*Asks:* 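The structure follows.
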Amino acid sequence: IRARSLAAAAALVLLAAACGESPTAGVPGESETPAPTPPAPSVEKPFYAGAYLGDAGTKPETVEGAIRAFAAMTGKQPAFVKSYHTLDCDFSATGWCGKVVRKIAGTGSTNYVALDPRWAGAPATGLLDAVNAGQADAALARVARGLASVPGTVLVEPAWEMNGDWAYRWQGVENGGAAAPAKFRDAWRRIVSAF
């Protein structure tokens with residue numbers, strides 16, 4: 001009996017020692033206390049949704065109504081309203097493009113201007129080279145001044161979808177393929193610097 005008791009006691013000691021190295025004991029070097037749960041944020045992060053209202057809805061005479069119709073349909077006015085413009089657009093208070101962006105601003109939505117970097121007289125090929133050579137500088141300065149006079153924030157997206165292949169003159173396939181990313185980067189920086 002005594003031998004059995006000693007064997008049972010030894011087995012318990014070995015079992016206890018083995019449990020100390022079991023996967024449930026944790027990974028060496030890690031704290032055995034569970035990590036504290038981070039506190040819930042005290043302020044909710046805002047979520048902004050935007051809309052492109054279509055060509056018919058993005059005109060000086062229709063954009064306010066299109067924004068109201070969107071709000072009625074979704075239950076919320078779009079935080080951003082996207083419109084597409086070239087460098088030839090007149091963003092002054094009396095210009096067609098200027099009227100569009102001012103009407104959008106007047107509704108309380110933020111303008112999101114997709115800026116097509118073409119202008120009258122821009123080359124049919126090598127657009128990025130032309131932008132990088134300064135050929136668009138005057139048009140960029142005019143657009144920047146016009147947009148700066150629009151009330152509120154104006155977000156500008158120069159040369160959208162640059163990595164596509166659907167015949168936008170600023171896309172890689174239209175600007176030398178493998179060399180295009182560097183050309184696009186330089187053109188993008190030039191546009192941002194102009195603004």
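These numbers come from a predicted model, not from an experiment.
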*Asks:* Could you pull out the closest heavy-atom pair between Q135 and P123, with the gap in Å?
*Replies:* OE1-CD, 4.3 Å
*Asks:* Are L155 and N111 close enough that some pair of their side-chain heavy atoms sits under 4.5 Å apart?
*Replies:* no
*Asks:* With sequence neighbours left out, what residues match A194 under side-chain contact (heavy atoms from CB on, under 4.5 Å)?
*Replies:* L140
*Asks:* Using every non-hydrogen atom in the two residues, find where V131 and A136 come nearest and quote the distance to one decimal.
*Replies:* CG2-CB, 4.2 Å
*Asks:* Any sub-3.5 Å donor-acceptor pair from Q171's side-chain atoms to W166's backbone N or O?
*Replies:* yes
*Asks:* Might you point out which heavy atoms bring G177 and P181 nearest each other, and give the distance in Å?
*Replies:* O-CD, 3.5 Å
*Asks:* By the ring pair (Phe, Tyr, Trp, His ring centres under 6.0 Å) test, which pairs, at least two apart or in different chains, include something from residues 86-120?
*Replies:* H85-F91
*Asks:* Strictly distance-based, threshold 3.5 Å: is any side-chain N or O of R102 a donor or acceptor partner for the main-chain N or O of C97?
*Replies:* no
*Asks:* Test of understanding: clusters of I, L, V, M, F, W, Y form through side-chain heavy atoms closer than 4.5 Å, transitively. Do V63 and M73 belong to the same one?
*Replies:* yes
*Asks:* Which residue pairs satisfy the salt bridge (Lys or Arg N to Asp or Glu O under 4.0 Å) criterion with at least one member in residues 147-168, sequence neighbours excluded?
*Replies:* K82-E157
*Asks:* For A105 and V150, work out which heavy atoms get closest and say how close.
*Replies:* CB-CG1, 4.3 Å
*Asks:* Are V81 and L53 packed together at the side-chain level, in the sense that at least one heavy-atom pair is separated by less than 4.5 angstrom?
*Replies:* yes
*Asks:* What residues, two or more places apart in sequence or in another chain, satisfy side-chain contact (heavy atoms from CB on, under 4.5 Å) together with V156?
*Replies:* L115, L147, V154, P158, F195
*Asks:* Can you find a heavy atom in the side chain of V143 that is under 4.5 Å from one in the side chain of C89?
*Replies:* no
*Asks:* Taking atom OG1 of T58 and atom CD1 of I104, what is their separation to the nearest 0.5 Å?
*Replies:* 6.5 Å
*Asks:* Looking at A133, is its backbone amide N or carbonyl O close enough to the side chain of R190 to form a donor-acceptor pair, meaning the two atoms are under 3.5 Å apart?
*Replies:* no
*Asks:* How long is the span from the CG atom in L127 to the CH2 atom in W170, to the nearest 0.5 Å?
*Replies:* 8.0 Å
*Asks:* Pairs in or reaching into residues 46-64: which pass salt bridge (Lys or Arg N to Asp or Glu O under 4.0 Å), with residues at least two apart or in two chains?
*Replies:* E64-K103
*Asks:* Side chains of W160 and D116: does their closest heavy-atom pair fall under 4.5 Å?
*Replies:* yes
*Asks:* State, to 0.1 Å, how close T62 and A56 come at their nearest heavy-atom pair, and which atoms those are.
*Replies:* OG1-O, 2.7 Å
*Asks:* Is a donor on one side and an acceptor on the other found under 3.5 Å between the side chain of N132 and the backbone of A187?
*Replies:* yes
*Asks:* Return each pair, listed once, that meets salt bridge (Lys or Arg N to Asp or Glu O under 4.0 Å) where at least one residue sits in residues 174-189; pairs must be two or more places apart or across chains.
*Replies:* D129-K183
*Asks:* Can you find a pair of side-chain heavy atoms, one from D90 and one from S92, that are under 4.5 Å apart?
*Replies:* yes
*Asks:* Taking S109 for the side chain and F80 for the main chain, is one N or O donor matched with an acceptor at less than 3.5 Å?
*Replies:* no
*Asks:* Please report the closest heavy-atom contact between P117 and L87, naming both atoms and the distance.
*Replies:* O-CD1, 3.5 Å
